Novice: 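Can you read through this structure? Questions will come right after.
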Amino acid sequence: MSTGLAVHGAFSLKAFNTFGLECTAERFVEAFSVEDVQTFVRDPFLNSSLSLLLGGGSNVLLTATHLPGTVLHVAIKHREVLQETLDYVDVRIGAGEPWHDFVLWTLENGWGGAENLSLIPGQVGTAPVQNIGAYGVELNDICTGVHFVERESGTVGYYTREQCAFGYRDSVFKKELKDKCVLVSVDFRFTKRNHLLKTHYGTVEDQLTAAGQLPSPKTISDAVIAIRQSKLPDPAKLGNSGSFFKNPYISKEQFSFLQSIDANAPGYLQPAGEIKAAAGWLIEKAGWKGFRRGDAGVHALQALVLVNYGQATGPEIWELAQDIIADVQEKFKIGLEPEVNLVG
Ligand code: EPU
């Protein structure tokens, strides 16, 4: 191996996944710059042994306690203003920047666009992969493009927002480019005035009213933080990976069936005619909310979130998830899919 990168053997990933699961990686390498990533992919041994690209570890379930091969942790820190006018600012952010710190920085600057995406765990570089979204805004509303290192050639490539093919928790990086590139930076455009504020989703509006505040990027961020803190467990205190499942798209007939069970079943009509059902509601209705088996559990305040009370293993969390999937399938004839990436 001819590389200047530090290669660690038998490395514990416990501090590198927000579920707090114990898993020993055969090899672990950290990249602090684009050049580090290029050095990594140009090393035939490291590149071919890559088994996990790790950002903040906030959207991954390590399903085994040992991970063969090499884990690459991208830790590129970079914040750059590319250009600005009176109306907007364009920025480029390193893949290793913690997402929420970045959002707070945009708010300190008075910029609008990222406020609804406050307090999401993880790093900037993994946000485009699953097109993170919350409270009526998705990353694709503010992202203008993505730089990545191609694993085959080691060259830097760029995809515009359109080329990223963003969808609901989906992008080209989960499809055609899956396993083919390493994201190194993300470009965004934020508003400096005439902000496009979104308060219609869920209880954001109520939260603002209760706090006696008019909508602004900062007050919306405060409201979103308050809502998230009231429902979603803090990974630093209780291991979890946010929403474990995706909200399923179902047919009108399937939705009528849910309404026959409960007239208040939540469902959101999509442009193409199908309905986005609420996985959390289905899991709660099936009786799993607050369920605990050993140290693996379903969060008591938000059934979409699986939690590790301390000593749960990856296989135990995955077994619980599969039991939930089977039960929801049997009771509602709806197939839930994990939103987290399964590794191992
Ligand atoms: N619901 C229940 N029981 C539950 C959870 C939810 O009945 O235990 C119902 C709610 O009452 C509501 C509906 O399900 O009618 C939807 O719930 P909520 O608005 O809380 O959002 P969600 O669908 O559970 C999604 C995202 C979250 C995001 C929130 C807010 C997905 C998979 N999850 O959750 O994203 O924060 O909306 O926008 O799309 C994440 O991806 O990690 C994540 C936390």
Side-chain angles (χ1 to χ4, degrees), residues 17-19 55-61 99-100 103 114-123 126-141 166-171 174 198-207 220-221 223-235 238-250 255 258-259 261-270 275-291 297-307 321 324-325 327-328 331-332 334-341:
N17 73 103
T18 59
F19 256 122
S58 62
N59 202 43
V60 64
L61 176 69
W99 177 266
H100 184 56
V103 172
E115 55 277 1
N116 296 51
L117 303 175
S118 295
L119 211 64
I120 295 182
Q123 295 187 171
T126 34
V129 178
Q130 53 147 3
N131 186 23
I132 60 170
Y135 305 101
V137 173
E138 289 183 328
L139 175 115
N140 65 247
D141 294 319
F166 291 120
Y168 169 60
R169 295 296 190 273
D170 201 18
S171 74
K174 278 189 163 183
K198 292 195 183 164
T199 57
H200 64 278
Y201 187 99
T203 51
V204 175
E205 194 106 47
D206 299 342
Q207 188 72 30
I220 291 176
S221 168
V224 166
I225 289 172
I227 297 168
R228 288 188 77 97
Q229 284 177 335
S230 72
K231 284 206 291 195
L232 295 166
D234 177 357
L238 184 62
N240 76 90
S241 214
S243 298
F244 192 92
F245 301 99
K246 287 194 240 187
N247 284 327
Y249 284 66
I250 61 174
F255 188 56
L258 295 185
Q259 285 179 310
I261 297 169
D262 181 338
N264 295 319
Y268 311 92
L269 186 63
Q270 300 301 299
I275 289 161
K276 189 161 146 183
W281 183 89
L282 293 167
I283 297 167
E284 180 174 345
K285 274 282 164 191
W288 291 92
K289 196 171 186 172
F291 176 86
V298 181
H299 190 48
L301 301 176
Q302 164 56 289
L304 202 45
V305 178
L306 301 189
V307 294
I324 292 170
I325 291 171
D327 195 38
V328 167
K331 291 193 168 112
F332 304 113
I334 293 175
L336 292 183
E337 284 175 24
E339 195 235 343
V340 299
N341 297 304

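What you are looking at is a predicted structure, and each value in this text was computed from that prediction instead of being measured. First listed ligand is number 1; within each ligand, the first listed atom is number 1.
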Novice: So, does Gln270 use its side chain to make a donor-acceptor pair with the main chain of Tyr268 at under 3.5 Å?
Specialist: yes
Novice: Give the residue and atom name of whichever protein heavy atom lies nearest to atom 36 (O) of ligand 1, and the separation in Å to one decimal.
Specialist: Arg228 NH1, 3.3 Å
Novice: Could you check whether the rings of Tyr201 and Tyr135 sit parallel, tilted or perpendicular, using 30° and 60° as the cut-offs?
Specialist: perpendicular
Novice: Quick one: does Asn131's side chain have a donor or acceptor within less than 3.5 Å of a partner on Leu139's backbone?
Specialist: yes
Novice: When you measure from atom 35 (O) of ligand 1 to each heavy atom in Glu138, Arg169, Glu337, Gln130, which option holds the nearest one?
Specialist: Arg169
Novice: Checking Trp288 now: which residues fulfil ring pair (Phe, Tyr, Trp, His ring centres under 6.0 Å) with it, not counting sequence neighbours?
Specialist: Phe291
Novice: Does Asn59 reach the main-chain N or O of Gly122 with its side chain, forming a donor-acceptor pair under 3.5 Å?
Specialist: no
Novice: Within the distance-only criterion (no hydrogens, no angle test), does the side chain of Asn140 pair as donor or acceptor with the backbone N or O of Phe166 below 3.5 angstrom?
Specialist: no
Novice: For Ala303, is at least one N or O under 3.5 Å away from an N or O on ligand 1?
Specialist: yes
Novice: Does the protein put a heavy atom less than 4.0 Å from atom 11 (O) of ligand 1?
Specialist: no
Novice: Just go through Phe244, Tyr168, Phe245 and tell me whose heavy atom is the nearest to atom 31 (C) of ligand 1.
Specialist: Tyr168
Novice: What is the closest protein heavy atom to atom 13 (C) of ligand 1, and at what distance does it sit?
Specialist: Ala278 CB, 3.5 Å
Novice: What do you think, any protein heavy atom under 4.0 angstrom from atom 26 (C) of ligand 1?
Specialist: yes
Novice: Just to verify, what does Lys289 make a side-chain hydrogen bond (donor to acceptor under 3.5 Å, both in side chains) with, not counting sequence neighbours?
Specialist: Glu284
Novice: Does any N/O atom on Lys246 come nearer than 3.5 Å to any N/O atom on ligand 1?
Specialist: no
Novice: Which residue and atom name correspond to the protein heavy atom nearest atom 44 (C) of ligand 1, and how close is it?
Specialist: Ser243 OG, 3.2 Å
Novice: Going by heavy atoms in the side chains, are Leu119 and Val224 under 4.5 Å from each other?
Specialist: no
Novice: So is Lys231 touching ligand 1 or not, going by heavy atoms under 4.0 Å?
Specialist: yes
Novice: For Ser241, is at least one N or O under 3.5 Å away from an N or O on ligand 1?
Specialist: no
Novice: Under 4.0 Å from ligand 1, counting heavy atoms only, is it the side chain of Glu339, its backbone, both or neither?
Specialist: side chain
Novice: Can you figure out which of Val137, Asn240, Asn247, Val204 has its heavy atom closest to atom 23 (O) of ligand 1?
Specialist: Asn247
Novice: Check each of Tyr135, Tyr268, Tyr201, Trp288 against atom 37 (O) of ligand 1 and report the one with the nearest heavy atom.
Specialist: Tyr201
